[in-house]
Amino acid sequence: MGTLWSNCISKLESELPPQQFNTWIRPLQAVESGSELRLLAPNRFVLDWVKEHFVSRIEEALSQQRLEPTPSVVLEIGSKAQEFTTSANALGNKAQKSRTNVPNNLNTAFTFDNFVEGKSNQLARAASIQVAENVGRAYNPLFLYGGVGLGKTHLMHAIGNIIIEINPVANIVYLHSERFVSDMVKALQHNAINAFKEYYRTVDALLIDDIQFFAGKERSQEEFFHTFNTLLENKHQVVLTCDRYPKEIKGLEERLKSRFGWGLPVAIEPPDLETRVAILMSKAQQVGVALSPEVAFFIGKRIRSNIRELEGALRRVIANAHFTGKPITPDFAKEALRDLIALQDRLINIENIQKTVAEYYKIRVSDLLSNKRTRSVTRPRQMAMAFSKELTNHSLPEIGQMFGGKDHTTVLHACRKIHELLESDSKLSEDYSNLFRILSN
Amino acid sequence: MALQLSLQLELNPDQSFEQYHTGRNCEAVAALRRCAAGSGEKTVFLWSEPGLGKTHLLNACCRDAGQCGRRASYLPMRAVSRYGPEVLDELAGLPLVCIDDIQAIAGQADWEQALFRLFNQVQDYRHHLIVAAPVPPGALAIALADLKTRLAGGLTLKLQPLDDSGKLAALTLRAKNLGFELTPQVGHFLLSRYPRDLPSLWQLLERLDRATLAAKRRLTVPFLKKYLDEMS
């Protein structure tokens, strides 16, 4: 930053309330050239606001520097050192330039080696390795689906990283579906849609995350449909992730849903306790922290919803330990996570589980607490009991008590029955997944 | 003596780390300072009951970032939510983005998606994002699970409330920042006779600043008594 703008900044900072300064002036970037001070705003909103409210103050601050002639202020949208090129920007000169110059957005920290395998994700991991080692020839597209924070993005990056390892000049693009949409909009605005099409239709592997965000965006779906077909025809790899099975995505064209199912759709389920513990141990090891199995079990038992929240809890514990210099014991972890645990206990309790399960099966909570033994009531009751055991720390007698004074052996039977049916009854298994998702979020 | 009217100037207390009474929040402040300097955790979620200085700290982060030559943006969602989510466009290109009062847009699908997009872009750039709210991520009424879990996946920091001696120290520091002296006697008097939550105390302090300026008097217990009597 030149001295001209630094002087202006110092003056404005002393005059404006900090919040206004940090909202409008701090994001500006200055380019000083001769008699001109070009100020680059990150977006139209900042630009318009600065133009309307601050440009005269900036000019005044400039005039006080007694330069002859006083530099003029030019406001524009932009950034002088774009650390990260949007694909739309990279499109124009794509034809001339080597593709390897274009960033692929892959995060090298996500590998198969540090992806912890468990019952819930082993199929997805195996399929991903197959795809990475046999680009365009194994499963195409590979469609990874499951709830939020279960490791879909990790697998996607791991696939990309292996492809690059095997073939360092491979053209791979990883991006979030939202970015595909926004890049397409930019390409349309800049009359670069042909370059956009060419760019995406000629990659060796296209990895698109969270395609559920295509829902309702018809123009993007149309463009993606053609990109998808071209890539598949040319035996280039497509990997997609989504929070649900293709057929369940509302607002997505039928032809896309059907094509997404052509290759291999593979589910990732929430990790069981053992996998959660293994994930915690692995994550801790990656940052050089020795986590005892007791602590990992403690955290894994309390945070059940998804891996992202598990990581958040681990971060909290490690940061606290680093700061205080104390060893990480189960008691220490309990204290560090006190607020998180208290919140979870408030959000997930037996009453809440009963209410959610009753609503899901369209029965009354009083039915769950009754002694009725019809199937339409028994199964939901068993489901609610199983969730009460899985998601709360109440004892079996306490759970029985909360279900209209049932015996603890009834609760035990319910839990066993549900776990047995999860293996054999796909409808019940789907209900369980849906309820788990509702209760954990 | 007729009271001289003081000019209704906007008070601009310095919102720097130096002007923040750290109290029991050393860990949170240290983590935020690292974040502002471009190291430490990439995503931080800061929460606490209102009045403990989240806004102050977010602005202090922007200021520190600026001093290190890093551009930053402070976005108070309560104020900017009346405009469109386009407010967030391309902000991820800035090395530090601070989002205050995220709860103000919770439940608004277009804002949640725009924030989700911002979050992903910040990660692509390997930049820093600090989000503040009065509740932890899990208690936010955010409908987009993808966004909510991402907020919970970073480092969550809670600001701890101040006890009375902490409040006294914070009041003294704030008064000094506004340019007047607050003696321990005046501080104790305030804490024993006035609502002790920090937002009420800050407001009173600013009113006292104006009143002492108008009366050209130092802030003493008798002055305070008289002022509070007149107010009531």
Side-chain angles (χ1 to χ4, degrees), chain A residues 1 9 13-24 26-29 42-46 77-79 82-84 103 105 107 147-149 175-176 178-179 182 209-210 212-213 243 305-313 315-316 319-320 322-324 339-340 343-344 346-347 437 440-441, chain B residues 10-16 26-27 30-31 41 45 55-56 58-60 62-63 65-66 69 71-76 79-80 83-84 86-94 98 100 113 116-117 120-121 123-125 135-139 145-146 148-158:
Chain A
M1 198 186 339
I9 283 234
E13 195 169 7
S14 66
E15 288 175 356
L16 293 172
Q19 294 178 29
Q20 279 200 33
F21 181 82
N22 289 326
T23 305
W24 308 115
R26 188 88 69 194
L28 300 175
Q29 201 171 23
N43 58 36
R44 161 81 41 204
F45 187 70
V46 174
I77 297 173
S79 172
Q82 190 78 311
E83 299 93 319
F84 178 88
N105 303 338
N107 186 340
V148 288
L175 79 167
H176 195 269
E178 287 263 6
R179 188 160 194 114
S182 70
D209 219 349
D210 287 328
Q212 70 271 19
F213 288 99
D243 66 351
S305 49
N306 60 63
I307 299 165
R308 222 174 263 140
E309 288 180 11
L310 208 58
E311 270 186 86
R315 267 179 222 279
R316 177 87 277 272
N320 204 215
H322 278 160
F323 187 77
T324 57
D339 295 312
L340 191 65
L343 174 73
Q344 213 164 45
R346 264 207 315 279
L347 294 177
R437 197 162 55 217
S440 325
N441 291 313
Chain B
E10 191 165 11
L11 293 169
N12 287 347
D14 176 7
Q15 293 192 324
S16 63
C26 297
E27 184 191 349
E41 294 283 348
F45 191 96
T55 297
H56 183 132
L58 257 49
N59 279 286
C62 289
R63 183 188 155 114
R71 280 181 306 144
S73 172
Y74 167 78
L75 275 178
V80 299
Y83 310 103
E86 300 75 42
V87 170
L88 303 175
D89 283 356
E90 304 303 328
L91 284 189
L94 305 179
C98 297
D100 204 358
Q113 283 212 16
F116 177 57
R117 197 160 49 236
N120 288 323
Q121 288 171 355
Q123 284 204 320
D124 285 347
Y125 283 114
V135 292
D146 306 74
K148 198 167 172 174
T149 57
R150 275 166 177 79
L151 293 171
L155 176 64
T156 301
L157 299 168
K158 183 192 178 190

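Reminder, nothing fancy here: chain letters follow the sequence lines and each chain counts from 1.
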**Item:** Heavy-atom contact with chain B under 4.5 Å, split by part of A/L340
**Value:** neither
**Request:** Show your working on side-chain contact (heavy atoms from CB on, under 4.5 Å) between A/N22 and B/Q15 and close with a plain yes or no.
**Result:** CA-CA 11 Å; A/N22 289 326; B/Q15 293 192 324; 5.8 Å; no
**Prompt:** Between the side chain of A/N43 and the main-chain N/O of B/D89, is any donor-acceptor distance below 3.5 Å?
**Reply:** yes
**Request:** Give the intermediate values and the outcome of side-chain contact (heavy atoms from CB on, under 4.5 Å) for residues B/R71 and A/S79.
**Result:** CA-CA 11 Å; B/R71 280 181 306 144; A/S79 172; 3.7 Å; yes
**Most contacts with chain A, counted as non-hydrogen pairs under 4.5 angstrom, among B/G154, B/P76, B/P136** = B/G154
**Message:** Please classify the contact of B/Q113 with chain A as side chain, backbone, both or neither, using a heavy-atom distance under 4.5 Å.
**Reply:** both
**Request:** Report the distance from atom CG of B/L94 to atom CG of A/L28, rounding to the nearest 0.5 Å.
**Result:** 9.5 Å
**Prompt:** How would you list, by chain and number, every residue that makes a ring-ring contact (aromatic ring centres under 6.0 Å, His included) with A/F213, sequence neighbours excluded?
**Reply:** A/H176, B/F116
**Request:** Against chain A, label B/L88 side chain, backbone, both or neither, depending on which of its atoms sit under 4.5 Å from a heavy atom there.
**Result:** backbone
**Fill in**
So, the part of B/N120 with a heavy atom under 4.5 Å from chain A: the answer is side chain
**Asked** When heavy-atom pairs shorter than 4.5 Å are enumerated against chain B, which of A/E311, A/H322, A/Q19 gives the highest number?
**Response** A/Q19
**Request:** Any chance you could measure A/R308, atom CZ, to B/D146, atom CG, to the nearest 0.5 Å?
**Result:** 7.0 Å
**Asked** Is the closest side-chain heavy-atom distance between A/R44 and B/E86 below 4.5 Å?
**Response** no
**Message:** Given heavy-atom pairs under 4.5 angstrom as the criterion, report whether the side chain, backbone, both or neither of B/T55 touches chain A.
**Reply:** side chain
**Between B/C62, B/G84, B/A152, the one whose heavy-atom pairs under 4.5 Å with chain A are most numerous** = B/C62
**Message:** B/Q121 vs A/E178, test: side-chain contact (heavy atoms from CB on, under 4.5 Å). Steps then yes/no.
**Reply:** CA-CA 10 Å; B/Q121 288 171 355; A/E178 287 263 6; over 6 Å; no
**Prompt:** Which residue out of A/D209, A/T324, A/I307, A/D210 racks up the most heavy-atom pairs below 4.5 Å with chain B?
**Reply:** A/D210
**Item:** Closest heavy-atom pair and its distance - A/T23, B/Y74
**Value:** OG1-O, 2.8 Å
**Atom of B/N59, atom of A/P18 and distance for their closest heavy-atom approach** = OD1-O, 3.5 Å
**Request:** May I ask you to test the A/R179-B/D124 pair for a side-chain heavy-atom distance under 4.5 Å?
**Result:** yes
**Request:** Give, as side chain, backbone, both or neither, the part of A/Q344 having an atom under 4.5 angstrom from any heavy atom of chain B.
**Result:** neither
**Message:** Is B/A30 in contact with chain A via its backbone, its side chain, both, or neither, using a 4.5 Å heavy-atom distance?
**Reply:** side chain
**Request:** Go through the atoms of B/C98 and report whether side chain, backbone, both or neither lie under 4.5 Å from a heavy atom of chain A.
**Result:** neither
**Request:** With sequence neighbours excluded, tell me which residues meet side chain to side chain contact (heavy atoms under 4.5 Å, CB included) with B/E27.
**Result:** A/R316, A/A319, A/N320, A/F323
